Amino acid sequence: QVELVESGGGLVQNGGSLRLSCVASGRTFSSVAMGWFRQAPGKEREFVASIRWDGGSTYYADSVNGRFTISRDNAKNTVYLQMNRLKPEDTAVYYCAASRRPYLAAPAYSAAIFGSWGQGTQVTVSS
């Protein structure tokens, strides 16, 4: 099990940028895929982005592709989500997650693949 703590959320204007960070505890961070999900009020949690355990591949939801970038620093046990050209529809609580199994080769985008979740950080984009 990996413990995750997100930070970096806040209020930003339409078209602005934010960078979310997620720090993980435990020795297994460098072996697991990491993902970001979000949940807007009244909506189901949805996939945003994921990154392979070694950072070798990334995967994005269509709605954020080209605007968001996921990255990781295994030496710091940290995964990031750089969010540019933010839109009001990006407003949500953002959660980072770690995969249940290590060394996954295939893209991880299903919530069922992830077994550890952070508490979430609020991102609000004003119009």
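Quantities reported herein were computed from a predicted structural model and do not represent experimental measurements.
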Novice: Could you list the residues that satisfy ring pair (Phe, Tyr, Trp, His ring centres under 6.0 Å) with Phe47, not counting sequence neighbours?
Specialist: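 Per chain and number, Phe47 pairs via ring pair (Phe, Tyr, Trp, His ring centres under 6.0 Å) with Phe37, Tyr59.
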
Novice: Which residue pairs satisfy the salt bridge (Lys or Arg N to Asp or Glu O under 4.0 Å) criterion with at least one member in residues 73-82, sequence neighbours excluded?
Specialist: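 Of all non-adjacent pairs touching residues 73-82, none passes salt bridge (Lys or Arg N to Asp or Glu O under 4.0 Å).
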
Novice: Do any N or O atoms from the side chain of Ser50 and from the backbone of Ala108 form a donor-acceptor pair under 3.5 angstrom?
Specialist: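 Looks like yes, one N/O pair under 3.5 Å.
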
Novice: Glu46: what forms a salt bridge (charged side-chain N to carboxylate O under 4.0 Å, His left out) with it, not counting sequence neighbours?
Specialist: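 So Glu46 forms a salt bridge (charged side-chain N to carboxylate O under 4.0 Å, His left out) with Arg38.
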
Novice: At what distance, to the nearest 0.5 angstrom, does CG of Leu81 lie from CE of Met34?
Specialist: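 Between Leu81 CG and Met34 CE, I get 11.5 Å after rounding to 0.5 Å.
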
Novice: May I ask you to decide if Gly26's main-chain N or O and Asn77's side chain share a donor-acceptor pair within less than 3.5 Å?
Specialist: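 Such a contact is found between Asn77 side chain and Gly26 backbone.
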
Novice: Does the pair Thr91 and Val123 meet the rule for a side-chain contact (heavy atoms from CB on, under 4.5 Å), with working shown?
Specialist: CA-CA 5 Å; Thr91 295; Val123 172; 5.9 Å; no

Novice: How would you list all residue pairs meeting ring pair (Phe, Tyr, Trp, His ring centres under 6.0 Å) that involve residues 72-95, not counting sequence neighbours?
Specialist: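 The answer is none; no pair qualifies.
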
Novice: State which residues pass side chain to side chain contact (heavy atoms under 4.5 Å, CB included) with Asn74; sequence neighbours excluded, sorted by chain then number.
Specialist: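 Once residues adjacent in sequence are excluded, the partners of Asn74 under the side chain to side chain contact (heavy atoms under 4.5 Å, CB included) criterion are Phe29, Ser30, Arg72.
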
Novice: Does anything in residues 113-127 pair up under side chain to side chain donor-acceptor pair (under 3.5 Å), and if so which pairs, sequence neighbours excluded?
Specialist: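 Qualifying pairs, neighbours excluded: Glu6-Gln119, Gln122-Thr124.
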
Novice: Might you point out which heavy atoms bring Gly16 and Val12 nearest each other, and give the distance in Å?
Specialist: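 Between these two residues, the closest heavy atoms are CA-CG2, 3.8 Å.
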
Novice: What are the two closest non-hydrogen atoms of Ser71 and Val79, and how far apart are they?
Specialist: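 For Ser71 versus Val79, the nearest heavy atoms are O-CG2, 3.1 Å.
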
Novice: Which pair of non-hydrogen atoms, one from Leu20 and one from Gly9, has the smallest distance, and what is that distance?
Specialist: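 What the structure gives for the nearest pair is CD2-N, 3.6 Å.
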
Novice: Indicate the atoms forming the closest heavy-atom contact of Gly120 with Val93, along with that distance.
Specialist: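 Between these two residues, the closest heavy atoms are CA-CG1, 3.8 Å.
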
Novice: For the hydrophobic clusters of this structure (ILVMFWY residues joined by side-chain heavy atoms under 4.5 Å, transitively), does one cluster hold both Ile70 and Phe114?
Specialist: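 As far as the 4.5 Å side-chain criterion goes, Phe114 and Ile70 are not connected within one cluster.
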
Novice: Return a table of donor-acceptor pairs under 3.5 angstrom between the side chains of residues 51-58 and protein atoms on other chains or two or more places apart.
Specialist:
residue : atom : partner : partner atom : Å
Arg52   : NE   : Asp54   : OD1          : 2.7
Arg52   : NH2  : Asp54   : OD1          : 3.2
Arg52   : NH2  : Asp54   : OD2          : 2.9
Asp54   : OD1  : Gly56   : N            : 2.9

Novice: Kindly indicate whether the side chain of Leu104, heavy atoms from C-beta on, has any atom under 4.5 Å from the side chain of Ile113.
Specialist: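 Side chain of Leu104 against side chain of Ile113, heavy atoms only: contact under 4.5 Å found.
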
Novice: Give the minimum heavy-atom separation between Leu4 and Ala98, together with the two atoms involved.
Specialist: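 Shortest heavy-atom contact: CD1-N, 3.7 Å.
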
Novice: With sequence neighbours excluded, what pairs up with Ser25 under the side chain to side chain contact (heavy atoms under 4.5 Å, CB included) test?
Specialist: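 Expected list: Glu3.
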
Novice: Short question: side chain of Ser99, backbone of Ala33 - any donor-acceptor pair under 3.5 Å?
Specialist: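 Yes, Ser99 side chain to Ala33 backbone: donor-acceptor pair under 3.5 Å.
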
Novice: Holding to side chain to side chain contact (heavy atoms under 4.5 Å, CB included), I want the full list of residues that pass it with Thr69, two or more places apart in sequence or in another chain.
Specialist: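 Testing Thr69 for side chain to side chain contact (heavy atoms under 4.5 Å, CB included), a comparison that skips the adjacent residues, returns Tyr60, Gln82.
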
Novice: Could you tell me whether Glu44 atom CD has more than 12 heavy atoms of other residues or ligands within 6.0 Å of it?
Specialist: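 No, not enclosed.
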
Novice: To the nearest 0.5 Å, what is the distance between NZ on Lys87 and CG on Asn14?
Specialist: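 Lys87 atom NZ to Asn14 atom CG measures 9.0 Å (nearest 0.5 Å).
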
Novice: Kindly write out the residues that satisfy salt bridge (charged side-chain N to carboxylate O under 4.0 Å, His left out) with Arg67, not counting sequence neighbours, or none if the list is empty.
Specialist: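 Arg67: salt bridge (charged side-chain N to carboxylate O under 4.0 Å, His left out) contacts with Asp90.
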
Novice: Gly8 and Leu18: which non-hydrogen atoms are nearest, and at how many Å?
Specialist: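 The pair with the smallest heavy-atom distance is O-CD2, 3.8 Å.
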
Novice: Could you work out, with side-chain hydrogen bond (donor to acceptor under 3.5 Å, both in side chains) as the rule, every residue matching Arg45, not counting sequence neighbours?
Specialist: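 Result, side-chain hydrogen bond (donor to acceptor under 3.5 Å, both in side chains) vs Arg45: none returned.
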
Novice: For residues 93-127, pull every pair meeting disulfide (SG to SG under 2.5 Å), keeping only residues two or more places apart or in separate chains.
Specialist: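 Those involving residues 93-127 are Cys22-Cys96.
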
